[in-house]
Amino acid sequence: MADSATAGRPTLYTIPAHRAFADALVAGLMRHAGRDPLALARALVVLPNNRAVKAVTEAFVRASGGGLVLPRLVALGDPEMGEAVGAALDPADDIDPPLPAVPPYQRRMILARLVSEERAREGHPVDAAEAVRLAGELARTLDQLLVEEVPPTRLRDIELGPELTEHWRRALATFEIVLQRWPGELVRLERIDAATRRSALLDRLAQHWRNAPPAGIVCAAGVTDSAPAVARLLRCIADMPHGMVVFAGLDLALPDEEWDALGPHDPHPVTGLTRRSIETHPQFDAKLMLLRMGVARGEVQIWREGGGHDADAARGRAIANALAPADFTGKWTQIAAEDRRLKGVTAAELATPAEEAQAIALVLREALEVPERTAALVTPDRALARRVAAHLGRWGIGIDDSAGRPLSILPPGTLLLALAEAAAQRFSPLALLALLKHPLVRSGEDRLPWLDGARALDRRLRGPRPAAGLDGIAGHLEERKGTAETWWADVQPLLMPLAGAFDQGPQPLASLLACLRETAQTLCGDNLWSGLAGRAAAEFLADLEAEAPAGPPRIDPREVPHLLRTLLDEVAVRPAPGGHPRLAIYGLIEARLQTADVMVLGGLNEGVWPGRPAPDPWLAPRIRMELGLPGLERRVGTAAHDFAQALGAPRAVVTRARRDAKSPALASRLWLRLQALAGDRFERASALEGWTRALDDPGEHLPADRPAPSPPALLRPRVISVTEVDRLKADPYAFYARRVLGLMPLDPVDADPSAAWRGTAVHDILEQWWKQDGCTVDTLRLRAKAMLDDERTHPMMRALWQPRLLEAIDWIAGAIVAQGEDGRSVASAEGKGKIEIAGVTLSGRYDRIDRLADGRLAVIDYKTGKPPSPTAVRAGFSLQLGLLGLIAERGGFADVSGTAGAFEYWSLGKKRDAFGYIESPVDPEGKRDKIPTAEFTSIAAHNFTEVVGEWLTGSAAFTAKLVPEYAPYAEYDQLMRRDEWYGRER
């Protein structure tokens with residue numbers, strides 16, 4: 001290693017990808033310092049980010065073997081991680097510092113206001129939440145212009161060809177106008193953009209060092225940011241007497257033909273066209289850095305020291321060949337076998353993400369069996385990282401994900417989103433219950449009583465949605481007093497301020513955020529703001545609330561959840577150290593310069609690693625290219641470089657799942673290149689794949705038999721309603737679960753109106769019509785209209801069912817009038833009664849009973865759908881009308897009694913292009929295979945006696961799905977484990 005830059009030649013090194021970067025760097029710096037104990041203390045090491053500072057610090061600790069005075073380790077700051085330039089590069093005592101940077105949220109809000117105003121002026125207005133999202137994309141594009149030092153005025157010089165669509169023309173026009181207004185905002189604030197300030201600081205530092213180079217060693221290591229200002233600083237360091245620049249994974253063995261093909265290229269001297277750069281190659285950023293530094297690749301030397309955690313150099317050559325530009329992959333067939341071998345690299349291909357996470361956890365767990373062995377997972381898939389951490393928890397192993405997690409999925413963030421969603425949806429049942437059951441609400445000693453009340457409210461809110469708003473919930477609960485109504489009376493006042501704020505229409509965002517904060521404090525107390533995530537949430541709300549007045553002046557409260565989610569997704573909460581010291585999980589940025597004995601590269605599917613390039617909604621790809629901005633696919637090349645660096649560990653495991661959560665997944669291009677190059681030498685981790693499947697394999701699958709419980713006579717019900725007889729006969733187990741076990745099925749929360757619910761609504765109309773109007777024909781339609789117009793009626797029912805219902809209601813009224821002319825009259829409606837028969841009590845509720853002209857009774861049941869078929873009646877099912885007639889004949893109804901002479905279903909369904917018709921399960925003469933009318937009650941009584949004698953007063957087992965064709969309901973199928981035995985050969 002040279003001690004200083006020779007005349008006219010910068011000092012440049014690279015540490016190959018197969019070496020452990022941090023350890024190799026430290027070994028070389030310690031050798032360079034020699035025996036002078038203060039040489040390192042006077043040194044300055046410039047690193048890309050704070051994570052790299054931590055990695056190099058740990059490498060110094062490992063190499064020291066005892067006491068050591070560390071050099072100054074300074075981070076350039078990574079804008080992607082929200083890091084500012086290190087304090088050593090931005091001293092507080094600077095005589096003439098640059099203007100301070102505009103705060104991020106202030107910038108976001110101002111840009112959102114400008115976007116909103118310009119879109120409105122163009123006649124294409126956007127809501128405030130969308131304006132904030134677009135402002136974030138605009139800020140990223142603006143930062144790229146500033147970092148690449150592209151003057152925004154160049155936009156005016158671009159000729160828009162006919163191929164540019166109207167969408168892109170409009171977006172470009174808005175972008176240009178916003179950029180014209182933005183400098184004025186900065187002048188007013190006396191601030192500058194953070195990217196501008198960073199470039200200014202780096203240029204000032206480079207100028208200072210040119211004039212007065214530091215006396216000690218200055219080393220810039222592992223910097224991959226190819227921004228012009230960074231390149232100028234690195235060139236300055238490389239030219240200093242004691243300066244050096246150490247690159248990470250710069251490939252000096254890449255053939256010149258391939259290196260030249262990467263670009264960027266000069267325009268063709270004849271056509272003027274510029275050949276497209278290969279920005280997806282892992283070496284493109286490194287080449288761009290060298291070009292901007294004004295140095296050639298031949299001036300870079302290999303760093304002599306190793307790191308102790310190094311892989312074989314042959315692997316590095318194989319990986320470089322695997323990632324060659326597409327035009328040069330034909331050479332693979334000519335590469336010698338030893339240069340295609342990926343020794344120490346194994347691949348595991350699993351069926352699902354869950355299996356992949358299990359396999360990775362096994363690899364990490366296995367590493368701990370060897371003393372001092374370290375292992376790390378590198379993946380851009382944060383969901384996979386969380387799954388791996390959960391699997392390691394099976395063995396009581398904690399592990400830190402250094403990439404952190406979005407605040408939007410952590411408890412404080414989900415609480416704020418649940419609060420905003422509930423208020424925006426006017427406290428609809430699902431949103432309200434999600435809020436009230438949130439783990440941070442009333443945490444502590446008050447939690448259990450609070451949950452009891454929330455669960456009682458949950459039971460009451462099942463079924464179709466009540467009227468909107470807090471008062472709508474209260475009105476719904478008042479219909480039946482109970483625990484929920486009492487509890488809600490205490491809870492409603494806590495939410496009233498928020499409901500009032502969100503019901504006032506568009507208003508300033510700051511006032512809505514203040515109301516959200518106060519309500520959250522009321523519900524959760526100080527626990528909401530505790531811990532890393534709580535403090536992040538508090539800082540987020542405080543910053544956003546302070547800067548909100550700079551944004552759009554008014555916002556619709558319904559947009560607040562979308563706005564909050566957009567911003568909370570961008571806040572990463574990184575864990576405090578506390579996991580296992582030999583294990584780690586890294587994102588791609590965090591993994592740079594890290595090393596371990598075992599590196600697992602997870603999530604190698606296309607769209608994950610590398611990820612899909614994020615579209616730029618402001619500048620078309622051709623415009624970006626003409627401006628000299630990085631292509632959208634540049635991140636693919638960066639991801640490929642990260643991949644190559646991570647494969648430099650002594651042992652590497654690459655993993656992928658054949659499908660994601662929704663559909664089959666395509667293998668990553670990186671995986672496919674390794675596979676294509678290595679061929680049969682692409683070693684599969686077959687044992688690992690087998691262990692993953694075996695870990696949760698129960699061995700033998702023993703499906704359950706058809707359940708047939710047989711409780712003692714004391715537990716068998718002695719009361720049964722006419723509607724339960726069919727269930728008892730067709731599916732005895734379902735009757736057992738309902739009546740013996742007491743397991744009643746629950747409706748979904750906020751359910752759509754089901755057929756049963758519509759039937760109940762019709763019965764309520766007809767019951768009120770009988771009890772309050774005396775079946776006056778003129779009032780029936782008014783009753784139906786009143787029910788439909790009630791705010792508690794589900795909107796879907798009102799919109800889709802109203803025409804059908806009103807026509808059917810008119811038909812009922814007309815049919816009653818017509819029958820009245822023949823001497824038939826309504827005797828009673830919506831009554832109930834019971835009789836003792838066969839040792840049990842049979843109860844029933846009728847919809848209507850008419851008195852025929854000859855004095856006999858007609859039993860009527862209203863149906864909103866199709867009545868039971870004569871075949872079912874003949875088979876001994878659907879005998880409800882016969883049992884009701886039996887109760888009437890035996891005096892079981894208080895209001896009416898007599899001989900049953902007719903049995904009718906009045907259906908509100910459609911038949912022959914009209915709604916409403918009458919069908920009977922019987923016939924006076926038994927025609928059309930129907931039961932004779934005179935025999936119906938006796939047949940029903942005989943059938944009922946047999947059923948009761950077998951299951952209620954007898955000892956027969958309650959066998960599941962005894963007659964499945966007449967047991968269509970599935971409420972208890974899971975309880976009976978139906979799919980395990982139904983249809984299985986015995």
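Residue indices begin at 1 and follow the sequence shown.
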Quick check: does any side chain N or O of R673 sit under 3.5 Å from a backbone N or O of A322, one acting as donor and the other as acceptor? yes
More than 12 non-hydrogen atoms from neighbouring residues, nucleotides or ligands closer than 6.0 Å to CG on D266, yes or no? no
Measure the CG-CG distance between L567 and L416 for me, rounded to the nearest 0.5 Å. 12.0 Å
Taking S116 for the side chain and A112 for the main chain, is one N or O donor matched with an acceptor at less than 3.5 Å? no
Carefully, step by step, assess L544 and L564 under the rule side chain to side chain contact (heavy atoms under 4.5 Å, CB included). CA-CA 10 Å; L544 185 59; L564 283 180; 4.3 Å; yes
Stepwise salt bridge (Lys or Arg N to Asp or Glu O under 4.0 Å) test for R405 and D401: CA-CA 8 Å; R405 290 191 287 172; D401 182 358; over 6 Å; no
Where do E185 and R113 land on the salt bridge (Lys or Arg N to Asp or Glu O under 4.0 Å) test, with the steps shown first? CA-CA 11 Å; E185 296 286 344; R113 172 171 54 81; 3.3 Å; yes
Minimum heavy-atom separation for F284 to S277, with atom names? CE1-CB, 3.5 Å
Judged by modelled atom types alone, do S408 and D569 share a side-chain donor-acceptor pair under 3.5 Å? yes
Residue from R622, R140, R624 passing salt bridge (Lys or Arg N to Asp or Glu O under 4.0 Å) with D616: R624
Heavy-atom pair with the smallest gap, counting every atom of E299 and P10: OE1-CD, 3.3 Å
When rounded to the nearest 0.5 Å, the distance separating CZ of F175 from CG of L142 is 6.0 Å
Enter the distance from E258:CD to I278:CD1 here, rounded to the nearest 0.5 Å. 9.0 Å
Side-chain touch D127/R558, heavy atoms, less than 4.5 angstrom: no
NE2-CD distance between H562 and E130, expressed to the nearest 0.5 angstrom: 6.0 Å
Using only atom types and a distance under 3.5 Å, with no angle test, would you say the side chain of N605 pairs donor to acceptor with the backbone of V608? no
Tell me the closest heavy-atom pair linking A248 and T14, and the distance in Å. C-OG1, 4.5 Å
Do W259 and L290 touch side chain to side chain, with heavy atoms closer than 4.5 Å? yes
May I ask you to decide if T379's main-chain N or O and R382's side chain share a donor-acceptor pair within less than 3.5 Å? yes
Using a 6.0 Å cut-off, check whether atom CZ of R612 has over 12 heavy atoms from anything other than its own residue. no
Reported CE-to-CG distance for the pair M109 and L114, which is rounded to 0.5 angstrom: 12.0 Å
Counting only heavy atoms not in R297 (residues, nucleotides, ligands), do more than 12 fall under 6.0 Å from its CZ? yes
Do side-chain atoms of T196 reach the backbone of I192 as a donor and acceptor pair under 3.5 angstrom? no
Looking at L670, is its backbone amide N or carbonyl O close enough to the side chain of E606 to form a donor-acceptor pair, meaning the two atoms are under 3.5 Å apart? no
Taking 4.0 angstrom as the limit, do R634 and D285 come out as a salt bridge? yes
Between E118 and R170 (salt bridge meaning N to carboxylate O under 4.0 Å), is one present in this structure? no
Write down the atom of P183, the atom of L179, and the distance for their closest heavy-atom approach. CD-O, 2.8 Å
Regarding R181 and E117, does a basic nitrogen lie under 4.0 Å from an acidic carboxylate oxygen? yes
Side chains of D193 and W182: is there a donor and an acceptor less than 3.5 Å apart? yes
Examine distances only and state if a side-chain atom of T11 and a backbone atom of M244 form a donor-acceptor pair shorter than 3.5 Å. no
Salt-bridge contact R292-E149 (side-chain N to carboxylate O under 4.0 Å): no
Quick one: closest heavy-atom pair of A75 and N49, and the distance? CB-C, 3.7 Å
Taking only Lys NZ, Arg NE, NH1 and NH2, and the carboxylate oxygens of Asp or Glu, determine whether R108 and D543 approach each other closer than 4.0 Å. no
Work out which heavy atom in P98 is nearest to a heavy atom in A200; give both atom names and the distance. CG-CB, 4.4 Å
Is there side-chain contact between L233 and W209, with heavy atoms separated by less than 4.5 Å? yes
Short question: side chain of W618, backbone of L134 - any donor-acceptor pair under 3.5 Å? yes
Quick one: are L201 and D203 in side-chain contact, heavy atoms under 4.5 Å? no
I585 vs E590 side-chain heavy atoms within contact, under 4.5 Å: no
Between W609 and A639, is there a donor-acceptor pair closer than 3.5 Å when you use the side chain of the first and the backbone of the second? yes
Under-4.0 Å salt bridge between K287 and E279: no
Is any side-chain heavy atom of T174 closer than 4.5 Å to one of H124? no
Answer yes or no: is there a side-chain heavy-atom contact under 4.5 Å between D251 and H281? no
Taking NZ, NE, NH1 and NH2 as the nitrogens, is one of them in D143 or R198 under 4.0 Å from a carboxylate oxygen of the other? no
Look only at the side chain of R191 and the backbone of V102, and say whether a donor-acceptor pair between them is shorter than 3.5 Å. no
Is the shortest heavy-atom distance from the side chain of L234 to the side chain of V223 under 4.5 Å? yes
Calculate, to the nearest 0.5 Å, the distance between atoms CZ and CE belonging to F247 and M289 respectively. 6.5 Å
Among L512, I555, D556, which one satisfies side chain to side chain contact (heavy atoms under 4.5 Å, CB included) with Q507? L512
